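One structure below.
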Amino acid sequence: MSDKKPSKSQVKARLPKGMRDVEAQELRALKHMLDTISEVYERYGFEPLDTPAFEYTDALGKFLPDTDRPNEGVFSFQDEDEQWVSMRYDLTAPLARYVAQNFDATPKPFRRYQTGYVYRNEKPGPGRFRQFMQFDADTVGTANPAADAEMCMLAADTLEALRIPRGSYVIKVSSRKILDGVMEGIGLGGPQNTARRLAVLRTIDKADKFPLSEIKKLLGTGRIDESGDFTKGAGLDETQIKILCDFLFAAEIKFYDLNDAHPYIVSGDEYINDCGWTYSNIATLASLSPFLQSSKVGEAAVYELEKIFQLSAISGYGSKRIRFDPTVVRGLEYYTGPVFEAELTFPATDESGQTVRFGSVGGGGRYDGLVSRFRSQPVPATGFSIGVSRLYAALSHLGKIGAAKAAGPVVVLVMDKARVGDYQRMAKQLRDAGIRAEMYVGDAGMKAQMKYADKRGSPCVIILGEDERAKGEVTIKDLLEGARLSGEISDHSEWKEARPAQFSVSEGDLVAAVQKLLEQQAKA
RNA sequence: GCCGCUGUAGCUCAGUUGGUUAGAGCACCAGAUUGUGGAUCUGGGGGUCGCCCGUUCGAGCCGGGCCAGCGGUACCA
């Protein structure tokens, strides 16, 4: 009977669902990306802020834990005073808490940017995690559409700063009010229709996911998905569906002949496509009045959107970059006016060669109700949020992420354990010269140390054994050159004899020789 | 939450109508080579065949339940 079976107490090493580790190469690239975004936000005058990873649940608003589902959507727990706390699920709710708490001390409008991980307790999917990073900019304390226009321009500038070429992205803009106006026009106004309005909004939000035929089913009786599951529809009748779809598509890229001088086209707003046709946000907006049936909210929406498009046009952001799109909906009971979505428009191929669309990498809008939860006076606010992880994934597909692995450290081999002091000193000399270097701190023999240096991606190793000591020299082995030469040799003893790609210098010349080698490698 | 599919080594997978001690490739470790990363050869570690119950003389394989993963869908600040 052998008792070699692993003990039951041995813990299985595993990652919680929806979480992931970020390793060296990605972490470096991510840091660079965050720095780039910060620069743009700083340039717009936003101030950095950091808030904690969890808050009192009531401060976050929604998803108050109830007895049967205390963790629906958010991660919540009770502290020792039995107060409910929740992990933040975005950066906006904590901002609202911060502004309300420091209201008198903050300048209005208050402009802040913030990045950090947020947490959602929901089913993870491809590219969708339970911990992920957002990067937000918000302006609190003004209802001026100029603040919304600025969010769109900020989004465009940020994507370009990350080297996404103009034309490969679009900032889509709409307004919750304009949809409210249209729905009012088809008889869905009033509190008795709240549930149906939400169902309609949910459906419109899926316009980029499903073809028109499926959207129509969802607006009507319902739809059966490919696994056979049935989704109940919004229950609109044929006429209502037709008007709604006409509206959504009336605004879908409407081009004008250049020769028909259109009274509403503002200089800078037009976008001329490959065929020489011109599209204009403002002209498109003007054509929508039949759908709004002189609805008050509808008119207000058109006014706000016109302002946004005028300002962005005057600043040189045309319809090609910031574009009206009535299918943008976003958060249901959250946004109160203009809404934005940053979309990448280029196709990409994934590992298996399939074409994938990245779609939305950020979004935002006006949320006039959030801060006023804490105060009696109204506090209008607007903001934009970048989904950092998704954008990172898109950028690496685009090849905009520095793909080169950071060079590993120069490794000083430990040839004689009695003389670690000498090796440590050499490592320090190299570091003092600004070279990334380390003494091997394991216990293995020389061969294993060579393997270690190879795996670390070291440019070279430093060898100081008995032979070198006798001559007052050190040997520098160029691992990159060695790897190249190894391809030409098939016999091991020959490989060993040749000792390729190494040379010796006197001990005092170590740093200069390594520096020279690194320069040569950098050129090659 | 609902629907569907899939669970065999760290990874990718084989495993006959149910039949001895469950295999391969890759990866990992060691030796050949006690001072040299590659290649080669030799050896080694690693598995409750997702878990439990049942059928059977006998289950990785058949049946039921559960769990996990993936996909779709719903919800989504």
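Here is how names work: the chains are called A, B, and so on, in the same order as the sequence lines, proteins then strands, and each is numbered from 1. Quick caveat, the model's predicted, so the values are computed rather than measured.
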Validation row, ring centre F103(A) to ring centre F374(A) under 6.0 Å: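 No; F374(A) has its ring centre 6.0 Å or more from that of F103(A).
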Validation row, ring centre F75(A) to ring centre Y119(A) under 6.0 Å: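 Between Y119(A) and F75(A), which both carry aromatic rings, the centre distance is not below 6.0 Å.
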Any donor-acceptor N/O pair under 3.5 Å between rU36(B) base and K477(A) side chain: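 Per atom types, the contact qualifies.
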Quiz item: R120(A) side-chain donor-acceptor pair to rA77(B) base, under 3.5 Å: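 Counting by modelled atom types and ignoring angles, a donor-acceptor contact under 3.5 Å is found here.
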[X] has an atom [atom1]; how far is it from atom [atom2] of [N], in whole Å?
| X | N | atom1 | atom2 | result |
| --- | --- | --- | --- | --- |
| Q134(A) | rC76(B) | CD | C1' | 12 Å |
| F230(A) | rC3(B) | CZ | C1' | 14 Å |
| K123(A) | rU73(B) | NZ | P | 10 Å |
| L201(A) | rA77(B) | CG | P | 11 Å |
| M450(A) | rG35(B) | CE | P | 13 Å |
| L479(A) | rU36(B) | CG | C1' | 10 Å |
| K217(A) | rA74(B) | NZ | C1' | 17 Å |
| K232(A) | rG1(B) | NZ | C1' | 17 Å |

side-chain hydrogen bond (donor to acceptor under 3.5 Å, both in side chains) partner of T382(A), chosen from T139(A), D148(A), T336(A), T142(A):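 Of the listed residues T139(A), D148(A), T336(A), T142(A), the side-chain hydrogen bond (donor to acceptor under 3.5 Å, both in side chains) partner of T382(A) is D148(A).
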Any donor-acceptor N or O pair under 3.5 Å, side chains T475(A), Q502(A):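 No, no side-chain donor-acceptor contact under 3.5 Å.
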Modelled atom types, side-chain donor and acceptor of Y423(A) and R419(A), under 3.5 Å: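 Result is no, nothing qualifies.
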Could you please name the option among [options] that lies closest to any side-chain atom of [X]?
| X | options | result |
| --- | --- | --- |
| T231(A) | rA74(B), rA77(B), rG37(B) | rA74(B) |
| E122(A) | rA77(B), rG38(B), rG71(B) | rA77(B) |
| Y335(A) | rG38(B), rA74(B), rA77(B) | rA77(B) |
| K447(A) | rC28(B), rU33(B), rG35(B) | rU33(B) |

Categorize [X] for me: base, sugar-phosphate, or nothing, with a 4.0 angstrom heavy-atom threshold over every strand shown.
| X | result |
| --- | --- |
| R128(A) | base |
| F210(A) | sugar-phosphate |
| Q449(A) | nothing |
| K209(A) | sugar-phosphate |
| I463(A) | base |
| E468(A) | base |
| A453(A) | nothing |

First encountered from the 5' end of RNA chain B, between D90(A) and K17(A):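 It is K17(A) whose nearest nucleotide is closer to the 5' end.
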Expressed as a whole number of Å, how far does the [atom1] atom of [N] sit from that of [M]?
| N | M | atom1 | result |
| --- | --- | --- | --- |
| rU16(B) | rG44(B) | C1' | 31 Å |
| rC52(B) | rA68(B) | C1' | 14 Å |
| rC57(B) | rU20(B) | C1' | 14 Å |
| rG72(B) | rG58(B) | C1' | 41 Å |
| rG69(B) | rG15(B) | C1' | 22 Å |
| rG45(B) | rC29(B) | C1' | 7 Å |
| rA59(B) | rG19(B) | C1' | 10 Å |
| rG60(B) | rU33(B) | P | 44 Å |

Watson-Crick/G-U partner (both atom distances under 3.5 Å) of [N]:
| N | value |
| --- | --- |
| rC41(B) | rG31(B) |
| rU55(B) | none |
| rU36(B) | none |
| rG60(B) | none |
| rA9(B) | none |
| rA77(B) | none |
| rU16(B) | none |
| rG71(B) | rC3(B) |

Short side-chain N/O contact to rA74(B) OP1/OP2 from K206(A), under 4.0 Å: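 Checking rA74(B) against K206(A), a side-chain N or O does come within under 4.0 Å of OP1 or OP2.
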Phosphate OP1/OP2 of rA74(B): any R202(A) side-chain N/O under 4.0 Å: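 False: R202(A) side-chain N/O out of range (4.0 Å or more) of rA74(B) OP1/OP2.
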Sole residue of T51(A), L49(A), L370(A) in side-chain contact (heavy atoms from CB on, under 4.5 Å) with L95(A):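 Of the listed options, the one satisfying the test is L49(A).
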Under 3.5 Å donor-acceptor, K108(A) side chain and T106(A) backbone: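 Yes, the answer is positive, given that a donor and an acceptor are paired below the 3.5 Å cut-off.
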Parallel, tilted or perpendicular, as decided by the 30° and 60° cut-offs, for the rings of Y113(A) and F135(A):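 F135(A) vs Y113(A) ring planes: parallel.
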